[in-house]
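Heavy atoms only: backbone and side chains are in, while hydrogens, waters and symmetry mates are out. Below, chain A is the first sequence line, B the second, and so on; all start at residue 1. Bear in mind that the values here come from a model prediction, so they are computed numbers and not experimental data.
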Amino acid sequence: MQILTINKAYQWSNVLTTNDVLPALFLRFALFFLIFFGSYSLKAIPANNGIHHSNAPAKANSNSDAGNTSFVLSGTVTDERDQPLTGASVSVKGASNTSVTDLNGKFIIEIQHAEDSIVVSFVGYKARTMLVGDKRNITIRLEADVERQKLEEVQVLGYGSQKKSTVVGALSSVSVKDIQKFSTPSLTNAIGGKLAGVVTRQTSGEPGYDAAKIFIRGQVSQSGVNKPLIIVDGAERELQDYWTTMNIQDIESFSVLKDASATAVYGNRGANGVVLITTKHGALGKPKVTLRTEAAQVTPLRIPDYVDGYNYALLTNEALINIGSPVKYTDAELQKYKDGSDPYLYPNVNWQDLVLRKHTTQSINNLGISGGNQSVKYYVNLGYTLQQGIYNEDPKVPYKTNAALKRYNFRSNTDFQLTKSFSLALGLSGIISTTNFPGRSAPQIFQGLMFTPPNAYPVVNPNGSQPGGFGNIQLNPFALVTQTGYTKQFYNTLVNNLSAKWDLSAVTRGLTFTGLAAYDLVDITQNVRQKTPALYNYTKNTSGADVYSIVSTETPLGFALLNENYKTVYLQTAFNYARVFGKHSVTGLLAAERREFTNVNTTSSVANLPERRQGIISRITYNYASRYLLEVNGAYNGSENFPAGNRYGLFPSVGAGWILSNESFWNRGTISMLKIRGSYGLVGNDRIGGDRFLFLSTYNKSAAGYVFGQNQNINPGGTSEARIGNQNVTWERAYKKDVGVDLELLNGKITVTADVFQERREGQLLARASVPTYAGYLSGTLPYANVGITKNKGFDGSFQFRNTTKAGFYYSFNGTFTYAKNTIIENDAAPALYPWQELRGQSIGANLGYVGIGFFQDQNDINNSPGQTSLQSVIRPGDIKYMDINKDGKITNADMKVIGTYGSEPQIVFGFGTTLAWKGFDASIFFNGAAHRDYFFSSGNQAYTAWIFSGGAGTYNALNEIYSQRWIPGADNSNAKFPAVRAAANAANNYIGSTVWQRSGDFLRIKNAEIGYTLPGRLVKRLSLKNLRVFVQGTNLATWDHIKAVDPESNFSTGSYPITKSYNFGLEVNF
Amino acid sequence: MKSKILIAFTALLLFIFPSCKKDFLDKTPDGDLTQEQVFQNPTYTEQFLTNCYSHLPRELQIVDNPANNESPTNPYTGASDELEMSYDPNFTNSINTGAWNPTNYVQDFWGQFYAGIRKCNVFLENIDKLPISDLAPVSKISRWKGEALFLRAFYHFCLIRVYGPVPIIDKTIGLDANFLTYKRQPITECVNFITNECDKAAALLEPKISAPNDYGRPSKITALALKARVLLYMASPLWNGGTSLTDKDGVQLFPASDAVRWQTAATAAKACIDQGEAAGYKIYRSATNDPQKNYQEVFYVNFNDEIFWTRDDPGYNNIDAYSEPRGMVGAFWPLQTPTQDMVDEYEMANGTRPILGYNPDMTPVINPLSGYSETGQAAITTADYYANTRNMYVGREPRFYASIMFTGQKYKTTAPQNRTTPLQFWKLGLDGRPTSSGDNYTKTGYLLKKLTYPGFVMSPKADAIRIWIFFRLGEQYLNYAEALNEAQGPVPDVYKYVNAIRDRAGLPGLTGLSKDAMRDAIRHERRIELAFETHRYFDTHRWMIAEQTDNKNIYGLDVNGVISVTPSVPYNISSDEFYKRTVIEKRVFEKKHYFWPIQQREIEKNPNLVQNPGW
């Protein structure tokens, strides 16, 4: 606090401008405080571990009462389900003797008079008062105090926590119970649609790489990182996205901070929102053992469906006829494709069937033990995950080629209460995973499947050798997957916390001091063992003899070692203060932090330099009578990535709330709780993209030289500006507004939370496209500057209804909805030539393309339409007809307009579901969907299967989806959705980006469904268990969408490792 | 015990907390150079200057487009009426067919020259920080400054000769600058800037580069030559009253016509010539004073005394290969093909002009006094051609034989080539179009001989060291004569300098011409003497005759014809049909083409850049 009272203004400004000094001073001050006052306090506090033993009678109260009939009362305190409650307090009314229940819920207490009453209380339960009477042994059952629990319910916030009822920031939380209904090794896959304000999209199901993208309230930056900040157990932990592989079973709480009020404390890192995860800790009680095991049968959700060999040959002929060329296959040849009479020369191979499994498996197993006493609490858990890939293997190959993930997660959280006021917590966790892949990457494999037509070559040549081809179908897909070696990846992640909490009530009530040191390490080692298989192309020569031409000769398994190694050190100290003065409640936070991230194993000295950040954080909240809430948050932090003098920024926010339902005039009949809240503030994003140290001008020592001399051999060499430094480079600034309402109806049976938000994100780092060329900056030297601006607005909300009938039937319905629409305000591009090409005012990811208005029916149609010869010299019937936007009678690049205006990420994400439970049975179903997303079959040149034959006749596979809806000469084409096929590599008219290849990415799917049964208590007891539940889950059970050919969450283009559907059987046992 | 734990813990914390260094965030890379380091170190400084040269146009490359992010090549030779390119993708072809506009033309001349200008500005703004040392004595620093000043002026010249008025950038532009304040400066301002800079540079540069290792650097006379050339352009009609362009503030970017500018140009050219000759430059003559060699050797005897300034381009050596006839072993790129119009321009050996003009059907009006004939064949073999060579190529001036390859010509008759057959450019002839397909053949029936190296061997490819001449004394003679004739009429100095050029080429001197006839003679002389050196393109523009010279059919011979298809009988050296003038290309030149368009994206960035007229 001392630092804040530096009294002279010039000193204060001095401190601020010297930038680095302030947080450093704070840290030093805090440490001295901790040492000196800490040892003082230890002396001051007697060596008392803070637990009052029940057999300590109240000597102080020894007024010699005549009727002293003291006796010892023993008893047990239980909850509603007769489970013993540990730590409940038992006291004699009107006297000072108290006792606390032990691990078995037992207590003993000295009673003076039979008329005495004892009061039994426990946090979250309604206190009970009982007359002792003549009882000497007593069992007291406490009922949960739902109202009170709710009031006491704590919300985890940045750098601390707060009573949920008084929070004014916009937050969403999801319970672990909900997350674990979706069986997945990747955390982000499980949360889609479950949190208001969170947008996720899972694009791949490849083991080890199947995590969904996550955006909080959508993406806002055109150029910077749009990922949220990930805080696990108080420290930033997004190293290599390892957090997505966290063990879901270890998670105690998962919350998302959305508005400025909640995120400003994260200063220059908070603008994209924050994910706060805390892990489980032990609770008082006997060791509790939990075993959860689940096994799933996993099916690829959608594999592109390609036409067979006969139809492919027919289509090839059609494509040739369409351009006026002679056909490739005679009727006799077509017949051979049809009847399969010559499978070697006229093959029909479904490569997908050959390469991909119908089903594969996955299992997730966890064994956890937790418990503790007053001094030590522990939680340990070991998880084992096995996720198999969908590639078939060749039994003759001695090593595994299928993709597979094996992962061990361990975690140990131990809390030590060292003195009454001082506790330590040590969290150790690690992830050890080994993944196996075929010798070629998933993109290469799925590209191979897109490239290789069913009639390219047979599965095996007549002489038993492996077939191969030429050009981009050199490796047959089966060889691609099974004969190219393998790659093993070893991920070793260590995530460790050491934290201390010191209750400074001795100094002033309500003050605590905490320290946190975190050390994380990620080590990724890859053994790459690739080879080229022996492949032969089989044909017959004119005299009918077999000819085998060598496509590739076999190489031995190669070896390459790749290693990445990253470490992070994070340190934090904080003072927390919370106190109630009558109707005034005040909390305060002052913290300082430092973080250092190092890319250890790197080749460039710049990349090797540690990335560092430090700052101080503060929050002050005030509420009056739990009605009027006010909160001021701020962070002052900086990073090494910005020029000295401009490294630090102040990120303030203010929030206010009004709990109307706590007003005396409020009738709580229908609306039992109503809170209105709002916030405004500035948050930063220092992950702006681009190189590091953009403020430095660098020089290229090996730039172009110039030759002098009679013999043209005198070249002094060249030095030139490599990058022009931008002295003003800085973080993105997000100005966020949020107004929200929290509502409870019918005594909490219905809860609703809704928020409207708006953000203006300034200072996005973009290459300076508006700098005139005469300024002389070459393209590579032109600096980046913080010039991009976007705006983001929308609303999100959640709804929950839950009820238990008198008969004990529980049912609930819940849903979330998120709408976030971003708009580019400034992209530093020169104004578009035509207004319909302007990307300002559009969403991030919108692009330019032509507008297809059907297909040319005949030559007449072509003649009477705007000319398209600038796209392709000869336009034929069946070609796409484009809209002449500028009405100049011809189609040119002036007729491109902004298409795909929703962008590549959905603007709307929602989820809803219901849960039913009755007598040990429980069932739930959850739907998840997205809307306002544009999908394109084509993406740049990654359009192989969408654009059939775009590499010439017989190149690329033909998707059934496109094949069956193509324009066919002479047929009724009123329902055609795709142009006629053209066997010409330069058929540019159809193979350019247009709305013809665009589809709505809207979808709805059954994300998960679960049925569980908890065995009745008696049965379980007979098995010496505490609890036993069996369950069946299904994930991604059904999908409704517009794309059909591939999964609606896919990236653009038409084939990549598919996401999966699974049926999961599990068992959870508590001992 | 507990207190020990606490103290241990806090000590641990203290230990792992980085000590409270003030520079926790002061982590910056140390592997890169900074500007301060560059201009403290003479080696880096010299390298920075060397890099300033790297944006010089590579005009030896007539055929090839520049690669991405490389300095411009030479579209001018092929875009004038002297040469056709047998290579479609060239930017030149877009110019010739009129298929270019501010949006679709992508050749980055503007950006490359302005990049060079920025580098010169950075150099000039920092060079005074370099400490004087043995490696960088005062004399060297001042020469470096002179080079940077000259390069900056030359880059501006490279811009104004195609774009006309441009923004003059004489200081580095910071990124926080208000770009809208930059405008195109009136052409007179641009020319003043260049001439003043040339004067400044001239004061700092050696009169003539003395050390062979420094060949390729500009001399004082180079600066004066640039000054003289830009003033000649300024005096010429296009810039001097022939164009009207007003910017958004109403400023006239071109001045009214003023005849005095011719005298200014003449004075500058004379200064260049006089000081040049005082410094040791002279009109080149071969050892034997053979007129053909006198002329031809200027372009391959590197760094001869006529040459002021060159661009070395060792990475490029196709100037020879692109002219090698297909009949030579390994040759398959005969892309540099002079036009029939150019062939017609050369005089007869007796100094008369063979063709006086063209009839409406484009048949030539033959000068009966010249002895020129388009029929018949040579009876005997000479040093230049074999017997039976068409009379079109007989008795022409020495520069014709030094510049043009034609059917019947003797070619590389000595070792190692020892060719014994005449050049033959008809279809299926040894050097003509080989089959019905394939683009790589001479489309006019001629190949460019000037600028090539006689000793070049295609296979195995042996490339001689070639240079491109930016400035030579011969040009200044003609510059002076032209300007002086315009300023004062055909005074004796005009005859003196034109005739000096003719004399070197073995032609009789001019006599007794009117001012107009002299203008015509000088223009004709420039067309021949300076052929294929980019001058023709700029001359036809500045004289404003490009609407005639570049807006018409370009002719060649009937290189695609045969006597009979079945059975296949090709032409031979005697086939009259082969020598029939044939349209090769319809060229397009509109008034707007006198200036290149400024790229649309640049105008979008700064609407204060007014577009050139007609675009």
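Residues A:L778 and B:K119 meet the side-chain proximity criterion, which asks for heavy atoms closer than 4.5 Å. Considering only heavy atoms from C-beta on, A:N715 comes within 4.5 Å of B:T50 through its side chain. Side-chain contact check for A:Y774 versus B:L159: every heavy-atom pair is 4.5 Å or farther apart.
Looking only at heavy-atom pairs under 4.5 Å with chain A, the residue among B:R311, B:E70, B:Q599 that has the most is B:R311. In terms of non-hydrogen atom pairs under 4.5 Å with chain A, the most contact-rich of B:A115, B:G111, B:G216, B:C52 is B:A115. For the options B:T172, B:N302, B:V38, heavy-atom pairs under 4.5 Å to chain A are most numerous at B:V38. Among A:A703, A:A775, A:A722, the residue making the largest number of heavy-atom pairs under 4.5 Å with chain B is A:A775.
For a residue to count as touching a neighbouring chain, one of its non-hydrogen atoms must lie under 4.5 Å from one of that chain's; by this rule A:S604 does not touch chain B. When heavy atoms are compared at a cutoff of 4.5 Å, A:N726 does not approach chain B at all. Using a 4.5 Å cut-off between heavy atoms, A:A769 contacts chain B through its backbone alone, with no side-chain atom that close. In this structure, chain B has a heavy atom under 4.5 Å from the backbone of A:S697, while its side chain stays farther away. The contact between B:N606 and chain A is made entirely by side chain atoms (from C-beta outward), counting heavy-atom distances below 4.5 Å. Residue contact with chain A, scored on non-hydrogen atoms closer than 4.5 Å, involves the backbone of B:D313 exclusively. Contact annotation for B:Q37: neither backbone nor side-chain heavy atoms come within less than 4.5 Å of a heavy atom of chain A. The contact between A:E596 and chain B is made entirely by side chain atoms (from C-beta outward), counting heavy-atom distances below 4.5 Å. For a residue to count as touching a neighbouring chain, one of its non-hydrogen atoms must lie under 4.5 Å from one of that chain's; by this rule B:I169 touches chain A with the side chain only. There is no contact between B:V166 and chain A, counting heavy-atom distances below 4.5 Å. For chain A, the nearby parts of B:Y182 are the backbone and the side chain; heavy atoms of each come within less than 4.5 Å. Using a 4.5 Å cut-off between heavy atoms, B:L56 contacts chain A through its side chain alone, with no backbone atom that close. Contacts between B:T310 and chain A at a heavy-atom distance below 4.5 Å involve the backbone alone (N, CA, C, O). Contact annotation for B:L609: only side-chain heavy atoms (C-beta onward) come within less than 4.5 Å of a heavy atom of chain A.
The structure places CZ of B:F113 at 14.0 Å from OG1 of A:T773, a figure rounded to the nearest 0.5 Å. Atom OG1 in B:T34 sits 9.0 Å away from atom CG in A:L696 (nearest 0.5 Å). One distance of note links OG1 of A:T719 with CZ of B:F123; it measures 11.5 Å at 0.5 Å rounding. Note: A:Q727 CD to B:L175 CG = 11.5 Å, rounded to the nearest 0.5 Å.
A distance-only check finds a donor-acceptor pair linking the side chain of A:Q712 to the backbone of B:R466 [under 3.5 Å]. Not a single donor-acceptor pair under 3.5 Å links the side chain of B:K605 to the backbone N or O of A:S770. Between the B:N51 side chain and the A:A704 main chain, a donor and an acceptor come within less than 3.5 Å of each other. Distance alone, capped at 3.5 Å, is enough to place a donor-acceptor pair between the A:Y777 side chain and the B:I173 backbone. Without hydrogens or angle criteria, B:E602 side chain to A:P772 main chain gives no donor-acceptor distance under 3.5 Å.
Nearest heavy atoms, A:P716 versus B:R217: CG-NH2, 4.3 Å. The shortest non-hydrogen separation linking B:P314 to A:V707 is CG-CG2, 3.7 Å. For the pair A:Y706 and B:D312, the tightest heavy-atom approach, listed with the atom from each and the gap, is OH-N, 3.7 Å.
With a 6.0 Å radius and a threshold of 12 heavy atoms from other residues, nucleotides or ligands, B:Y453 has its OH atom at or below the threshold. Within a 6.0 Å sphere centred on NZ of B:K208, heavy atoms belonging to other residues, nucleotides or ligands number more than 12.
Between A:Y699 and B:Y44, the distance separating the two ring centers is not shorter than 6.0 angstrom.
Taking the six-membered ring where tryptophan is involved, the planes of A:F708 and B:Y53 are perpendicular, since the angle between them exceeds 60° and thus also 30°.
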